[in-house]
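Note sheet for the following structure.
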Amino acid sequence: TTVWTSLVAPVQPPDTDFISHYSIYHPGDDVSTSAHLALYRGALLSDADRLITPMARHYWGGFATPDMAIRTPPLRAAHADEGARFTEFGGWDMPVQFDSIRVEHAAVRTAVGKFDVSHMGRIVVAGPDATTLMQRLTTNDVCELAPGEAQYAMITDEEGIVLDDTVVSRVSNHAGQQLCSPADRETVVEADDPTYLFVPNAGHDAQMLDRWRTHRDSWELDAAIADATESSAMLAVQGPDAVDLLSAVASDPAALADCS
């Protein structure tokens with residue numbers, strides 16, 4: 001079970017211990033993916049010809065170059081207080097480990113882990129034509145989404161070549177007023193306008209922000225588009241006890257029923 005949650009402002013983490021967001025991606029492995037990723041990352045760094053590969057771009061957005069500023073997630077201080085070890089990940093200074101690999105692996109497989117995935121992008125689209133814009137630029141049917149629901153989709157170019165994969169969420173309509181500041185838009189977002197939040201992979205937020213705004217303007221659509229990547233945090237809660245953990249703190253636990 002994986003439950004994604006986006007926070008519009010930095011918050012203090014719950015009382016349970018944090019677990020590295022590299023703990024496990026391949027169920028059944030004896031060693032967690034944190035080891036696989038570290039080994040693969042080391043291979044990349046020792047082989048210049050493999051630095052920019054599809055896997056590297058997908059998971060890390062490419063590695064930061066010396067002239068790139070390392071970005072800091074909102075919860076970094078909280079992670080440091082918990083004794084996290086940090087590493088550069090997709091241009092971000094991210095926690096890589098809080099305990100031994102075996103302990104973190106077992107926690108996510110048998111109970112629950114909280115993963116800081118704030119290095120992944122968060123683009124907000126709101127306004128009268130938000131649905132039309134999302135429907136044209138992602139491959140799934142956003143018209144099927146009710147507020148609080150999400151779907152997996154691809155982002156392709158005009159020839160159908162995949163640029164990125166993403167998760168598109170329909171958020172409450174009034175959220176567009178909060179998430180799209182006046183500096184991000186000319187559109188006046190009303191409380192009943194549809195609002196979407198989609199998640200590009202690490203390092204792709206600026207590219208997708210530009211793509212969405214360029215097509216909005218080209219198609220003369222009325223929509224506000226804002227990059228909330230650095231003004232928000234995002235956590236993934238994973239493991240068999242994920243729904244139970246979130247139900248204990250959610251304002252509407254019944255809304256999590258479909259996540260089990």
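What you see is a predicted model; the values in this text were computed from it and never measured.
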Does the side chain of [Y] come within less than 4.5 Å of [X]'s, by heavy atoms?
X: Asp116; Y: Leu235; answer: yes
X: Thr131; Y: Tyr196; answer: yes
X: Arg170; Y: Val142; answer: no
X: Leu245; Y: Val237; answer: yes
X: Val117; Y: Val199; answer: no

Tell me the closest heavy-atom pair linking [X] and [Y], and the distance in Å.
X: Ala233; Y: Ser118; answer: CA-OG, 3.4 Å
X: Pro200; Y: Thr166; answer: N-OG1, 3.9 Å
X: Ser169; Y: Ala150; answer: OG-CB, 3.5 Å
X: Ile70; Y: Glu88; answer: CD1-CG, 3.7 Å
X: Leu256; Y: Ala250; answer: CD1-CB, 4.1 Å
X: Phe198; Y: Val168; answer: CB-CG2, 4.0 Å

Using a 3.5 Å distance criterion without hydrogens, assess whether the side chain of [X] forms a donor-acceptor pair with backbone atoms of [Y].
X: Gln151; Y: Leu145; answer: no
X: Glu104; Y: Phe98; answer: yes
X: Thr110; Y: Ala106; answer: yes

(request) With sequence neighbours excluded, tell me which residues meet side chain to side chain donor-acceptor pair (under 3.5 Å) with Asp99. (result)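 Result, side chain to side chain donor-acceptor pair (under 3.5 Å) vs Asp99: none returned.
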(request) Using side chain to side chain donor-acceptor pair (under 3.5 Å) as the criterion, list what pairs up with Arg85, not counting sequence neighbours. (result)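 Expected list: Gln97.
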Can you tell me how far apart [atom1] ([X]) and [atom2] ([Y]) are? Round to the nearest 0.5 Å.
X: Asp222; Y: Asp193; atom1: CG; atom2: CG; value: 8.0 Å
X: Asp129; Y: Arg136; atom1: CG; atom2: CZ; value: 8.5 Å
X: His204; Y: Asp210; atom1: NE2; atom2: CG; value: 14.0 Å
X: Thr138; Y: Met208; atom1: OG1; atom2: CE; value: 11.5 Å
X: Leu209; Y: Thr229; atom1: CG; atom2: OG1; value: 8.5 Å
X: Met94; Y: Arg71; atom1: CE; atom2: CZ; value: 11.0 Å

(request) Go through the side-chain N and O atoms of Asp165 and Tyr152 and say whether any donor and acceptor fall under 3.5 Å apart. (result)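 Yes, Tyr152 and Asp165 have a side-chain donor paired with an acceptor closer than 3.5 Å.
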(request) Just jot down the ring pair (Phe, Tyr, Trp, His ring centres under 6.0 Å) partners of Trp92, sequence neighbours excluded, or say none. (result)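 So Trp92 forms no ring pair (Phe, Tyr, Trp, His ring centres under 6.0 Å) with any residue.
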(message) Could you work out, with salt bridge (charged side-chain N to carboxylate O under 4.0 Å, His left out) as the rule, every residue matching Arg76, not counting sequence neighbours?
(response)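 With neighbours one apart ignored, the set is Asp93.
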(message) Set out, in order, the CA-CA distance, both residues' side-chain angles and the distance that settles side chain to side chain contact (heavy atoms under 4.5 Å, CB included) for Val124 and Val171, then state yes or no.
(response) CA-CA 9 Å; Val124 181; Val171 298; 5.8 Å; no
(message) Students often mix this up, so state it plainly: with edges at 30° and 60°, are the rings of Phe86 and His79 parallel, tilted or perpendicular?
(response)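 Answer is tilted, since the angle falls between 30° and 60°.
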Can you give me every donor-acceptor pair (side chain of residues 154-163, partner residue at least two apart or in another chain, under 3.5 Å) with its distance?
{"from": "Asp157", "atom 1": "OD1", "to": "Glu159", "atom 2": "N", "distance (Å)": "2.9"}
{"from": "Asp157", "atom 1": "OD1", "to": "Gly160", "atom 2": "N", "distance (Å)": "3.1"}
{"from": "Asp157", "atom 1": "OD1", "to": "Ile161", "atom 2": "N", "distance (Å)": "2.9"}
{"from": "Glu158", "atom 1": "OE2", "to": "His215", "atom 2": "NE2", "distance (Å)": "3.2"}

(request) Go through the structure and list residues passing side chain to side chain contact (heavy atoms under 4.5 Å, CB included) with Asp81, not counting sequence neighbours. (result)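 Here no residue qualifies.
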(message) Between Trp212 and Trp219, is there shared hydrophobic-cluster membership here, with clusters defined by ILVMFWY side-chain heavy atoms closer than 4.5 Å?
(response)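 Same hydrophobic cluster.
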(message) Assess whether a salt bridge exists between Asp164 and Arg211, defined as any Lys/Arg side-chain N lying under 4.0 Å from an Asp/Glu carboxylate O.
(response)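 So Asp164 does not pair with Arg211 through a salt bridge.
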